[in-house]
Amino acid sequence: MYKDKLEQANEYIKINKIPKDELPVFHAAPYCGWMNDPNGFSVYQGKIHLFYQHNPYDKDWGSIHWGHCETEDFIKWKDLPAALAPDMEYDGAGCFSGSAIETKEGHVLMYTGVMKKSVRGFEKEYQNQCLAVGNGLTYTKSKHNPVVTGDMMPEGFNREHFRDPKIWREEDAFYMVAGNKTVEGVPQIVLFRSEDLREWQYVSVLAKDRDGRLGTMWECPDFFYIDGRYVLIASPQDMRAHEEFHNGNNAVYFMGEYDKNKYEFDYREVCSLDDGLDFYAPQTTLAPDGRRIMIAWMQSWDSNIRPAAQKWSCMMTLPRELRIVDGKLLQSPVREIENYFVNPVRYDNIRIEGKCILPGIKGRVLDLTVEIADGGYNEFSIHFAMNEMFGTALTYYREKNMLEIDRTYSGMVRDAIGIRRVKVKGNTEKLKLRLILDKYSAEVFVNDGMQVLSTTLYTPAKAEDISFECDGAAVTTIQKYTISVG
Ligand code: FRU
């Protein structure tokens, strides 16, 4: 019997579902196959929905569907059927990234439909914005798709790179930002407006790269107001390393002034959102209680590796609460994680000298905070996900005020990037490192979210030792909780 593409995908998913114990415990991961960007992170009928770029059939990027899961607390994820398949002429080359919003008509998804078209014998790709409406479980694509096409933009704007709509509502209308670039290759974010979701008008270039240092294309934009400030988030591709940015694809936020009459965001500052090895394409949503929560793909396109035996690829970060302090965007793990804390172990003001192992401090699914109050030392390391063969190290170099994550010995069998070393941001008289492990990942929140380093690991789950090492003596307070999600 003929089955449509979505039905086919959902049947495949059912049969090939990865057993729960092979996946991370509290990080959203695919049912099977491949996952990239978070999409449609939104609240619908009181529940938090997360969609994602998903290829059910392979461990690599390919036939891009929208996978779907939901949560009530950002920690426990429940799989739902895949919501979109690339089954129309206008999206046959992929249902690319997008967002979602709750409306009177239902849960509205806005995504990029990618189509291939032959132009004078050459195959060209076009990216347009499309809608689907659903009930939190199943979704129907709009018969008016695509609702926003590249030729609605002024001359000189690239029509092949026009993607990742992020939608929101203001009193007067719906607004949407998307990534784009000029035909000369200057990355920019374009803004559209609609009163009924169906008819859209191009409004403005919200922001544009000014000095040629921010890559070739800004993917996955997000624009929101928080703590009295407007913030623009984007994921610039193909950057050259400078200041706090690394080579390749970065995820950044812009702080600046928004001129609401001109619909232009004049950015004054650009900062990296995460300084680890794996973080891209973040998207935010407003939680029912007013918190702005961000989630991202915990993977780098350039160091995209996994153990040969692993039957699935990629996961999301732990969702993070955002706030502005002194003009900087700070991030904390969602507080709901604390509801899953068990087996606390604490050491107050202990001296770490040389190498030491502390009873009760081990595991691969945990939350470990280390506060270094004082120090006659230069190097302080936490080694984790460790046994006689493997180990990942987080090291603070005090004189240089640098933090380094080194996963060289985490079990990678590819020559992907293993080390990242970054300047510690903000006031560092006292260093506080909060390390969250969930089997195959480490997220390090530095000084209450001034900075975060997210990194995936390739280490067999049985390597669960943790040790501390100091080349002098450091007075340290250590608090550990195991995270248990039933
Ligand atoms: C970002 C991205 C998006 C695109 C999607 C395709 O990682 O390249 O711009 O919509 O992935 O899967």
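Order of appearance sets the numbers: ligands from 1, and atoms from 1 within every ligand.
Below 4.0 Å from some heavy atom of S97 lie the following atoms of ligand 1, by number and element: 5 (C), 10 (O). Taking every non-hydrogen atom of Y280 and a distance limit under 4.0 Å, the qualifying atoms of ligand 1 come out as 1 (C), 7 (O).
Only the side chain of N36 comes within contact range of ligand 1, with a heavy atom under 4.0 Å; no backbone atom does. Residue contacts with ligand 1, taken as heavy atom pairs separated by less than 4.0 Å, involve W301 solely via side-chain atoms from C-beta onward.
Classification of E123 and K117 as a salt-bridged pair fails, no side-chain N sitting under 4.0 Å from a carboxylate O. With respect to the salt-bridge test (charged N to carboxylate O, under 4.0 angstrom), the residues E321 and R292 do not qualify.
Atom 6 (C) of ligand 1 has as its closest protein heavy atom Q53 OE1, 3.2 Å. Regarding atom 1 (C) of ligand 1, its nearest protein heavy-atom neighbour is D37 OD2, 2.9 Å. When only non-hydrogen protein atoms are considered, atom 8 (O) of ligand 1 lies nearest to E219 OE2, 2.8 Å. Annotation: atom 4 (C) of ligand 1 to nearest protein heavy atom, D164 OD1, 3.5 Å.
Atom CZ of R163 and atom OG of S97 lie 9.0 Å apart (nearest 0.5 Å). Of the inter-residue distances, the one linking L286 atom CG with D289 atom CG reads 8.5 Å to the nearest 0.5 angstrom. The line from CG of D275 to CD of Q451 is 4.5 Å long, rounded to the nearest 0.5 Å.
Using modelled atom types, one side-chain atom of R420 and one backbone atom of G276 make a donor-acceptor pair closer than 3.5 Å.
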